[in-house]
Number of protein chains: 2
Amino acid sequence: MARKQGSHSDITGPKVQQTALRLIAQHGFAAVSMRQIAAEVGVQAGALYNYTSDKQTLLFDLMRDHMVALLAAWEAEAKPDDPVARLDHFTRFHIRFHLPRADQVFVAYMELRNLTPENFAKVEALRRQYEDRLEDILRDGTAAGVFAMQDSRVTTRALIAMLTGLINWYRSDGRIETARIEAIYGDLVRKAVAV
Amino acid sequence: MARKQGSHSDITGPKVQQTALRLIAQHGFAAVSMRQIAAEVGVQAGALYNYTSDKQTLLFDLMRDHMVALLAAWEAEAKPDDPVARLDHFTRFHIRFHLPRADQVFVAYMELRNLTPENFAKVEALRRQYEDRLEDILRDGTAAGVFAMQDSRVTTRALIAMLTGLINWYRSDGRIETARIEAIYGDLVRKAVAV
DNA sequence: GTCTATATACGGATAGAC
DNA sequence: GTCTATCCGTATATAGAC
């Protein structure tokens, strides 16, 4: 690709996404202006519209990209055969993926209200796909007689809420190491659905 | 109190709170304008300032009132002596209090970013007080040898996140009754910290 | 691709009449 | 206590020059 004078699309593009993500996570979608994003990127507000058709699309792209990356990362994992080992693997994968991405998770959960109905449906479908991965594990383990629970769907949502809640308080500079967090939550999850 | 002409403070006051709560839960604090609140209350925007000094205070009052009501409701509960029974009682109380107050919970969790640092600290202190109620139960049960967990603080936050996550998906017109939800979550919590 | 300038609308908050 | 009117600032998005 030939480059035009003053062109920085390969730098500015990702920078717009990163900056928007950080600011929206910090202040909320409605509270962040395109001018504010542009200022932190280092361009004028009008220039942002070379990278997104409007503010709504910018938000949607952030949320969809996060969910797609999550699903892709899960697909790439090598999964154990044993249901108990698979559940522990899911727990640790979930924590390992989400903890370093607090901003993405924050936005993906908190800004659902600010999506158009069409965009909301798309993000929800992706989230549902991810939930199904855990529910499959729970159902397989129940069928195998190593898990016991009253309702696999409700349990799935309960466990994911517990795991994802981590990003609301965990700070990597805190008193607890990631490995210890994985162990604690691994225990809670395993015991909660044990026979 | 004598009433002035055109005075409706005893009606308008609560209505402002209710309307603001609903709109903020639905669209987010920054996305809701004082004009919009006023329109749904049925007054002009200027009249709102008879009930709140500014928009920030309106938000803070909603969040503080919710947390104070939660703590007061918990204090008023009759608590069992046995740690296992106390934990189950806490689980059911938490669900019973939070489920009918989805808007309050939503706002109290999602709009922390939009509080001034001073107001944030006050709300966080109240939340911490509530968490301590559960942690006390967990520690007592551990001391009594009926619970086992790696870290009572982390476990407290994990369990509260799991329980509160309910309001993100539970709809009272759905397929599951509240009593059943209480039973499902009661099982998960009890087993998660069992010896 | 980025800039400046602008169209058009809406924001929080206040003043003063009733 | 509520209204009308307004101050003053900022919002998204676009047009056209470079």
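Every chain is numbered from 1, with letters handed out A, B, ... down the list of sequences.
Taking the centre and axis of the six-membered ring of Y109(A), the NZ or CZ atom of R127(A) falls inside the cone set by 45° and 6.0 Å.
Salt-bridge check for R133(B) with E77(B): failed, with every basic side-chain N at 4.0 Å or more from each acidic carboxylate O.
For the residue pair T116(A) / N119(A), a side-chain donor-acceptor distance below 3.5 Å is found, with atom types taken as modelled. In this structure, a donor-acceptor pair under 3.5 Å is present between the side chains of T57(A) and D54(A). Under the 3.5 Å distance criterion, with hydrogens and angles disregarded, a donor-acceptor pair is assigned to the side chains of Y130(B) and H94(B).
Around CD of E177(A), the count of heavy atoms belonging to other residues, nucleotides or ligands within 6.0 Å does not exceed 12. By the 6.0 Å contact criterion, CZ on R101(B) is enclosed, its count of non-hydrogen atoms from other residues, nucleotides or ligands being greater than 12.
Atom NZ in K15(B) sits roughly 15 Å away from atom C1' in dG1(D) (whole-Å rounding). For the pair L48(B) CG and dG1(D) P, the interatomic distance rounds to 13 Å; values are reported in whole Å.
For W74(B) and F90(B), the ring centers are positioned less than 6.0 Å apart.
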message = How would you summarise protein contacts on nucleotides 3-18 of chain C per nucleotide, using B for base, S for sugar-phosphate only and - for none, with heavy-atom distances below 4.0 Å?
response = SB------BBBB----

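A sub-4.0 Å separation between OP1 or OP2 of dT2(C) and a side-chain N or O of T12(A) is present.
Comparing the local axis fitted to the first five base pairs of the helix from dG1(C)-dC18(D) to dC18(C)-dG1(D) with the one fitted to its last five gives a bend of 0°, rounded to 10°.
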